[in-house]
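Below is one structure, written out as structure tokens; comments come after it.
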Amino acid sequence: MPGSSEGGAGSESYDATPYLPRRGGLPAHRRAAAECRGCPLHEEATRTVFGRGEAHARLMLVGEQPGDQEDREGVPFVGPAGRLLSRALLEAGIDEEGLYVTNAVKHFKFTSDETRKRRIHKAPSLRETLACRPWLMAELRLVSPELVIALGATAGRALLGPSFRVGADRGVPRPLPGAEEGTRVLGTVHPSAVLRARDRDAAYAGLVADLRTAADTL
Ligand code: URA
């Protein structure tokens, strides 16, 4: 992560790097990611949820981690947050077909309720986010988008460093640290935060406004 030395004691053992293929495109990376044991999240999750979409998309979307439904289906943003995101993209005039969509963390992290019937989302730690970052960096290198939209704090921190704050930093395109070809990143609110917001209409309007800024940047 740019500008961070954080990781905690023993962070050496949380790292996806040894699982990355030395060569190959997105399909080779997707296959390899299915076997990733770079951190303990694979133990409880059903499967790795790798990115989907256009291999050379101009616009890439990065979320936090798969949710319950994504974990079952193996595809990012197919649950309630994904449906809200699709609506916001449409409203902002962004064609979802042309996008590449992925997550900062590729396994679902959750706790179970007392009955063990419901799996409750738990935010990934910085250590887990860092461990998974090599997959995200590989996707960025292979897709080479012009603009990346970071949906929420986890994605923003994975891309822009631990000081990223959605409230202060959203809606402004800035250079992606370490990117060779002038790729930029724009942070915004996570669609799940819109679903949870007290004033959902205002939160949704803010998301659409940021997506419009992104569309205008391309
Ligand atoms: N939330 C995310 O951040 N990503 C998904 O794929 C689904 C929900």
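Order of appearance sets the numbers: ligands from 1, and atoms from 1 within every ligand.
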N/O donor to acceptor pairs below 3.5 angstrom from side-chain atoms of residues 83-93, sequence neighbours left out:
unit_1, atom_1, unit_2, atom_2, d
Ser86, OG, Gly82, O, 3.1
Ser86, OG, Glu96, OE1, 2.9
Ser86, OG, Glu96, OE2, 3.3
Glu91, OE1, Tyr204, OH, 2.9

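The side-chain heavy atoms of Arg141 and Leu136, taken from C-beta on, include no pair separated by under 4.5 Å. The side-chain heavy atoms of Leu160 and Arg174, taken from C-beta on, include a pair separated by under 4.5 Å.
Checked against a 3.5 angstrom limit, the closest N/O atoms of Phe77 and ligand 1 fall inside it. Considering backbone and side-chain atoms alike, Ser192 places every N or O at 3.5 Å or more from each N or O of ligand 1.
Put simply, Leu176 and Leu142 are part of the same group of oily side chains (I, L, V, M, F, W, Y) that touch within less than 4.5 Å, one to the next.
The side-chain contact (heavy atoms from CB on, under 4.5 Å) test with Lys106 singles out one residue from Glu139, Arg30, Gln65, and that residue is Glu139.
Salt bridge Asp216/Arg212: absent, no basic N to carboxylate O contact under 4.0 Å.
Per-residue contacts place Glu64 under 4.0 angstrom from the following atoms of ligand 1 (heavy atoms of the residue considered): 2 (C), 3 (O). Of all the atoms in ligand 1, the ones that sit under 4.0 Å from a non-hydrogen atom of Pro76 are 6 (O). In summary, the atoms of ligand 1 found under 4.0 Å from a heavy atom of Gly63, numbered by their order in the structure, are 3 (O).
Taking atom 5 (C) of ligand 1 as the reference point, the nearest protein heavy-atom neighbour is Gln65 O, 3.4 Å. Nearest protein heavy-atom contact of atom 4 (N) of ligand 1 is Asn103 OD1, 2.7 Å.
With a heavy-atom cut-off of 4.0 Å, Glu70 touches ligand 1 through its side chain alone.
Between the side chains of Glu128 and His107, not a single donor N or O lies within less than 3.5 Å of an accepting N or O.
Close to ligand 1: His190, with a non-hydrogen atom less than 4.0 angstrom away.
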